[in-house]
Amino acid sequence: MMTAREVAIVGAAESTEIGTVPTLSSIGLATDAARRALADCGLTPSDVDGVAAAGLQPYIATQIAHQLGIEATWIDATMLGGCSNLLHVRHAVAAITSGRCEVVLITHGESGRSRIGGPLFRHAPDSWPGQFELPYGTAGPMTLLTLGTLRFLHDRGLDSSALAQVVVTQRQWAARNPRALRQTPITVEEVLAADLVAYPYTRPMCCPVTDGGGALVLTSADRARRLPRPPVYLCGTGEATGSPMSSQMPDLTSSDAFRRAGAAAFAEAGMGPHDIRHAMLYDAVAVLPLMGLEDLGFVPRGESAAFVAQGHTAIGGRLPVNTNGGGINYTHTGMYGMYAIQESVRQLRGEAAAQVAGLTNSLTHTIGGMFQGAATVIMSTDAG
Amino acid sequence: MTSTTSARPLPRATPESAHFWEGAKRGELLLQRCRQCASAYFPPQPFCPRCLNDDVEVVRASGQGRLYSYVISHLAVPGFTPPVILAVVELDEGPRLLTNIVGVAPEPERLPLDLELEVTFEVFDNVALPMFRPRSR
């Protein structure tokens, strides 16, 4: 069954600069990207009636709308970390399809490196993480997204070189991308010999922390066809809650949130993993693309590392993955989902730095927090 | 032995978790168990996460478990002297928790998965944190 592709991404842009941007605050990065995304599709703030944004303070969507002169009558401030913007996409599809709004602007801006204009994220000492994680020296993603990795490797008969191979393969993509932060080709041996961040993770297996922004404009497929850029049709989306702390996942080697979000997106799209020709699998740390490959059903459980080692996700492979270099090489402001979907849009428009020839569809899969949730979006150049 | 400086971020109990932290002060690792479905659970909450029943009891765990997974963190965190072993321990009763492994060098060769562990408590500013060490023979 192929469902109607009633909504499309018609405008997309990242902030002018990503990486280290000391001249803009978090919201400044978001509004920079928003203006570029509107210019990209030839729409103005008066065309926009829906806004979505996620951040560490709850009223970001309001300020974005105010600064851009948007009189919004549809708001989504859903905040679930790095998958927030994909949740916004899913919610916007529902809103546009049901007539609640016509044009939605989804923004992201995060001064993750320069830390300008936003509160720092801290768990309260009486929250669950404050009681049961922080007292043991946890330090965010590098200690919490990584917690189950040794078990993942152990159960599958692998060692750290499986993580290193993910870096090596994605660095080959990054080497073709002038905007990527880490472009220099690297070997498995070099990755393994690099400084330890949190054993078994070395520095290249972990994302940098950067500044950046991004924005998307969505509208109905009918209206999309009257706009200048090739529409990227939204075929299927999924979202799922995970565990409030990664230590409480039912299985630390497989995300139930990944599985449910992915399955929902495939079901709605009327597609299966074998139909997908390009995937962006959120990668703050190197195990995540391996879990994404398994949990979304691209490969059976236990076969992700071999799939990567055999070159299937690499340049020329049958499922190019993380073709911007991924979060570990391209950029990672803290909530990476916007950059992942931007690369899917670029690939489907045929304008990516490391362009894959002849693509007609792409999947972006993102994680929220420390496995607290997930969102998946499947896109196509085909109106269906 | 991990650092004992009070710069370590310490928990503050809620009404739902007060029994857990009071028990820790007495050197007891406390779980809760549903009287209806008999499942033991953690973190603390006043109803069973499986059947939503509030007929639950506080039970003392054996304190025995095994090393499910871990990282050895080299990151600078106030109150800690790296490297620090951050582990997920699976208790014999079933629930898992995040903790530190102490009493063993932070070296992968000394920390095979499924290593048998037992609880120990370290006190920081009047808060006792459950930690785990290799089981004594």
Side-chain angles (χ1 to χ4, degrees), chain A residues 122-160 163 192 194-203 205-206 209 243-254 285 287 370-371, chain B residues 2-3 7-18 20-21 24 41-45 49 67-90 95-102 106-108 111-114 122 124 127-132:
Chain A
R122 282 192 206 292
H123 290 293
D126 52 2
S127 64
W128 271 9
Q131 293 183 77
F132 304 116
E133 288 186 341
L134 281 179
Y136 298 102
T138 57
M142 305 319 159
T143 54
L144 291 170
L145 292 178
T146 55
L147 212 44
T149 298
L150 284 178
R151 176 61 63 178
F152 177 97
L153 297 173
H154 176 271
D155 285 359
R156 289 155 177 77
L158 302 168
D159 60 31
S160 305
L163 306 174
L192 293 174
D195 288 345
L196 280 168
V197 173
Y199 172 84
Y201 283 82
T202 62
R203 182 70 55 195
M205 299 173 186
C206 302
V209 181
S243 293
M245 296 187 285
S246 56
S247 56
Q248 298 304 316
M249 294 166 70
D251 174 357
L252 272 77
T253 76
S254 169
V285 297
V287 78
M370 307 297 117
F371 294 105
Chain B
T2 48
S3 161
R8 179 186 287 249
L10 294 173
R12 189 164 67 218
T14 64
E16 295 93 333
S17 66
F20 180 86
W21 295 113
Y41 65 88
F42 174 87
Q45 64 180 44
L67 184 58
Y68 176 82
S69 195
Y70 67 95
V71 294
I72 304 174
S73 173
H74 294 261
L75 293 160
V77 177
F80 294 85
T81 307
V84 175
I85 307 164
L86 286 155
V88 178
V89 171
E90 185 167 290
R96 298 191 195 115
L97 45 76
L98 191 153
T99 188
N100 293 137
I101 306 299
V102 297
E107 296 160 2
L111 295 162
L113 293 195
D114 300 318
E122 295 205 6
F124 305 85
V127 174
L129 296 178
M131 299 188 182
F132 285 77

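We name chains A, B, ... by the order of the sequence lines, and we start the count at 1 in each one.
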Which donor-acceptor pairs under 3.5 Å do side chains of residues 129-138 of chain A form with protein atoms, sequence neighbours excluded?
unit_1, atom_1, unit_2, atom_2, d
Gln131(A), OE1, Ser17(B), OG, 2.6
Gln131(A), OE1, Trp21(B), NE1, 2.8
Gln131(A), NE2, Asp126(A), O, 3.1
Tyr136(A), OH, Pro130(B), O, 2.8

What part of Gln45(B) gets closer than 4.5 Å to chain A, counting heavy atoms only: side chain, backbone, both or neither? side chain
Of the backbone (N, CA, C, O) and the side chain (C-beta and beyond), which part of Val71(B) lies under 4.5 Å from a heavy atom of chain A, both, or neither? both
Measuring from Leu252(A):CG to Ser69(B):OG, what's the distance to the nearest 0.5 Å? 6.5 Å
Working to the nearest 0.5 Å, report the span between CG of Leu150(A) and CG of Asp155(A). 11.0 Å
Which of Leu113(B), Ile85(B), Leu67(B) touches chain A most, by non-hydrogen pairs under 4.5 Å: Leu113(B)
Just wondering, more than 12 heavy atoms not from Arg203(A) lying within 6.0 Å of its CZ? no
To the closest 0.5 Å, what do you measure between CG (Leu129(B)) and CZ (Arg8(B))? 6.0 Å
Side chain, backbone, both or neither: which part of Pro44(B) has an atom under 4.5 Å from a heavy atom of chain A? both
Chain A heavy atoms under 4.5 Å from Phe42(B): which part of the residue, side chain, backbone, both or neither? both
